[in-house]
Peer 1: 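Below: one structure in structure tokens.
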Amino acid sequence: MDASDPTRPKGPKIIAVANQKGGVGKTTTAINLAAALQEEGNRVLVVDLDPQGNASTGLGIESQDRQFTTYDLLVEDAPLEDVIIPTELAGMSIIPATVDLSSADIELISNEKRSFLLHDALRQPAMDVFSWDYILIDCPPSLNLLTVNAMIAAHSVLIPLQSEFFALEGLSQLMLTVREVRQTANPNLRIEGIVLTMFDSRNNLSQQVEQDARDNLGDLVFETKIPRNVRVSEAPSYAQPVLQYDSLSKGAEAYRALARELSSKNAQITAQ
Ligand code: ADP
Ligand code: MG
């Protein structure tokens with residue numbers, strides 16, 4: 001879905017990267033898929049919706065530069081030009097997060113629109129001037145109000161699944177939340193796909209998880225698997241996506257393949 005594609009729908013495609021388990025590769029996938037989509041010529045916004053702010057750190061936004069954050073966007077109605085910060089990559093920006101965001105749940109408890117704040121923020125007319133192709137939302141490791149905001153704002157949910165024992169446990173809870181969001185607030189919410197992360201082809205357990213996932217979830221599972229690759233885990237400490245840190249690494253190539261698979265799936269859907 002590059003900018004020249006005539007079948008491209010109006011407005012950005014919004015994808016929530018979610019899984020209530022921590023450490024499964026949500027942030028890594030949000031950052032590197034964003035970078036791979038950017039490399040294809042797309043304009044991409046990353047929304048850091050995790051109070052840990054790992055996506056912000058991984059994209060080189062230091063704490064002192066996070067004056068305005070997703071907290072300000074959601075709770076204080078801050079203007080977009082204050083919260084959207086350009087990254088090193090042309091056409092790719094981020095709305096960063098800080099630990100402030102962890103109190104949003106409680107502060108918003110009496111706000112009737114609390115589940116729709118991100119939806120409304122991303123659809124305000126002032127957003128049009130940025131002409132994003134994709135918005136990727138990096139969710140916190142929980143099915144809380146923030147994740148629900150992401151699912152209501154999004155067109156689809158992309159689920160990283162770590163290739164380890166118990167990986168599929170918890171997925172039914174996540175799917176239940178998706179179903180609830182569909183029934184109440186966002187009937188068109190799709191599952192973008194499930195991506196196997198930290199895959200180790202020499203490990204029987206990885207292969208077993210892949211088999212189970214493909215048997216149970218079929219086409220929902222992306223063909224592309226993200227291998228366990230030390231360059232992927234090193235990149236954030238250099239404040240870069242792995243595509244910049246080590247462009248030819250297996251991890252970088254895998255995220256490029258994921259971006260290609262995702263854009264071609266979306267092109268097919270739009271053409272239908
Ligand atoms: P989450 O956002 O779901 O909590 P992260 O993306 O932060 O998960 O990943 C958890 C840890 O695993 C991080 O230290 C990250 O660098 C590492 N990691 C993620 N994907 C890979 C990979 N493909 N290869 C090696 N390490 C990875
Ligand atoms: Mg994370």
Side-chain angles (χ1 to χ4, degrees), residues 1-3 5 8 12-19 21 23-47 54-55 58-59 87 89 91-92 94 132-139 150 154-164 167 171 174 190-201 206-207 209-210 213-214 217-236 240-270:
M1 191 165 81
D2 66 78
D5 180 355
R8 193 186 131 205
K13 161 105 191 197
I14 307 178
I15 304 176
V17 182
N19 186 329
K21 275 197 182 181
V24 299
K26 287 182 291 300
T27 301
T28 305
T29 298
I31 291 178
N32 292 302
L33 179 59
L37 289 166
Q38 184 271 352
E39 207 176 74
E40 288 183 347
N42 294 292
R43 293 181 49 79
V44 186
L45 175 67
V46 175
V47 177
N54 293 339
L59 288 175
T87 69
L89 302 180
M92 180 162 145
I94 179 166
W132 306 115
D133 295 301
Y134 287 95
I135 300 179
L136 301 188
I137 308 169
D138 184 28
C139 291
H155 298 108
S156 65
V157 182
L158 192 154
I159 306 168
L161 194 70
Q162 190 182 349
S163 313
E164 56 145 39
L171 212 55
L174 181 58
R190 290 180 46 242
I191 304 291
E192 189 68 46
I194 292 153
V195 60
L196 292 161
T197 60
M198 295 177 243
F199 191 84
D200 181 354
S201 54
S206 274
Q207 297 188 357
V209 171
E210 177 178 16
R214 295 198 191 281
L217 303 157
D219 282 352
L220 284 182
V221 185
F222 282 102
E223 285 296 320
T224 307
K225 295 172 281 196
I226 309 299
R228 185 175 280 285
N229 175 224
V230 66
R231 309 303 267 169
V232 172
S233 55
E234 287 168 359
Q240 286 181 334
V242 72
L243 282 83
Q244 275 62 46
Y245 173 62
D246 187 348
S247 180
L248 299 178
S249 61
K250 288 212 160 69
E253 288 297 359
Y255 277 107
R256 285 189 188 103
L258 182 64
R260 279 196 301 273
E261 193 179 344
L262 187 144
S263 356
S264 79
K265 263 191 186 176
N266 278 286
Q268 281 168 22
I269 291 166
T270 339

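Along the sequence shown, residues carry numbers from 1.
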Peer 1: Rounded to the nearest 0.5 Å, what's the gap from CG on L262 to CD on E40? Could you check?
Peer 2: 8.5 Å

Peer 1: Side chains of L161 and V221: does their closest heavy-atom pair fall under 4.5 Å?
Peer 2: no

Peer 1: Look at atom NZ of K250 and say whether more than 12 heavy atoms of other residues, nucleotides or ligands are closer to it than 6.0 Å.
Peer 2: no

Peer 1: Taking the side chain as every heavy atom from C-beta outward, state whether L33 and L158 have any pair of such atoms under 4.5 Å apart.
Peer 2: yes

Peer 1: Applying side-chain contact (heavy atoms from CB on, under 4.5 Å), name anything that partners P236, two or more places apart in sequence or on another chain.
Peer 2: none

Peer 1: To the nearest 0.5 angstrom, please state how far the OG1 atom of T197 sits from the CD1 atom of I159.
Peer 2: 12.0 Å

Peer 1: Name all pairs fulfilling the side chain to side chain donor-acceptor pair (under 3.5 Å) condition that reach into residues 26-35, sequence neighbours left out, sorted by first residue then second.
Peer 2: T27-D138, T29-Y255

Peer 1: Any chance you could measure L45, atom CG, to I135, atom CD1, to the nearest 0.5 Å?
Peer 2: 5.0 Å

Peer 1: Could I get the full list of side-chain contact (heavy atoms from CB on, under 4.5 Å) partners for S163, not counting sequence neighbours?
Peer 2: L196, F199, S206

Peer 1: Test your reading of the model: is there a side-chain donor-acceptor pair from D200 to the backbone of R228, 3.5 Å cut-off?
Peer 2: no

Peer 1: Looking at residues at least two apart in the chain, or sitting in another chain, which of them share a side-chain contact (heavy atoms from CB on, under 4.5 Å) with A252?
Peer 2: V242, L243, S249, R256

Peer 1: Between L174 and A18, which heavy-atom pair has the shortest distance, and what is it?
Peer 2: CD2-O, 3.9 Å

Peer 1: Donor-acceptor check, side chain of D133 to backbone of N42, threshold 3.5 angstrom: yes or no?
Peer 2: no

Peer 1: Using side-chain heavy atoms (C-beta onward) and a distance below 4.5 Å, is Y134 in contact with Q38?
Peer 2: no

Peer 1: Heavy atoms, side chains only, cut-off 4.5 Å: are P241 and L59 in contact?
Peer 2: yes

Peer 1: Name all residues meeting the side chain to side chain donor-acceptor pair (under 3.5 Å) criterion together with E210; count only those two or more places apart in sequence or in a different chain, and write none if there are none.
Peer 2: R214, K225

Peer 1: Check for a donor-acceptor pair, side chain of S156 on one end and backbone N or O of R190 on the other, with a separation under 3.5 Å.
Peer 2: no

Peer 1: CD/E253 to CD1/I226 distance, rounded to the nearest 0.5 angstrom?
Peer 2: 11.0 Å

Peer 1: According to side-chain contact (heavy atoms from CB on, under 4.5 Å), who are the partners of E164, at least two apart in sequence or on a separate chain?
Peer 2: K21, Q162

Peer 1: Using a 4.5 Å cut-off on heavy atoms from C-beta on, say whether the side chain of H155 contacts that of E192.
Peer 2: no

Peer 1: Which heavy atom of A254 sits nearest a heavy atom of T224, and at what distance?
Peer 2: O-CG2, 3.4 Å

Peer 1: Side chain to side chain donor-acceptor pair (under 3.5 Å) with D246: which residues, sequence neighbours excluded?
Peer 2: R231

Peer 1: Y245: which residues meet the ring pair (Phe, Tyr, Trp, His ring centres under 6.0 Å) condition with it, sequence neighbours left out?
Peer 2: Y238

Peer 1: Tell me the closest heavy-atom pair linking C139 and A16, and the distance in Å.
Peer 2: SG-CB, 4.3 Å

Peer 1: Go through the structure and list residues passing salt bridge (charged side-chain N to carboxylate O under 4.0 Å, His left out) with E261, not counting sequence neighbours.
Peer 2: none

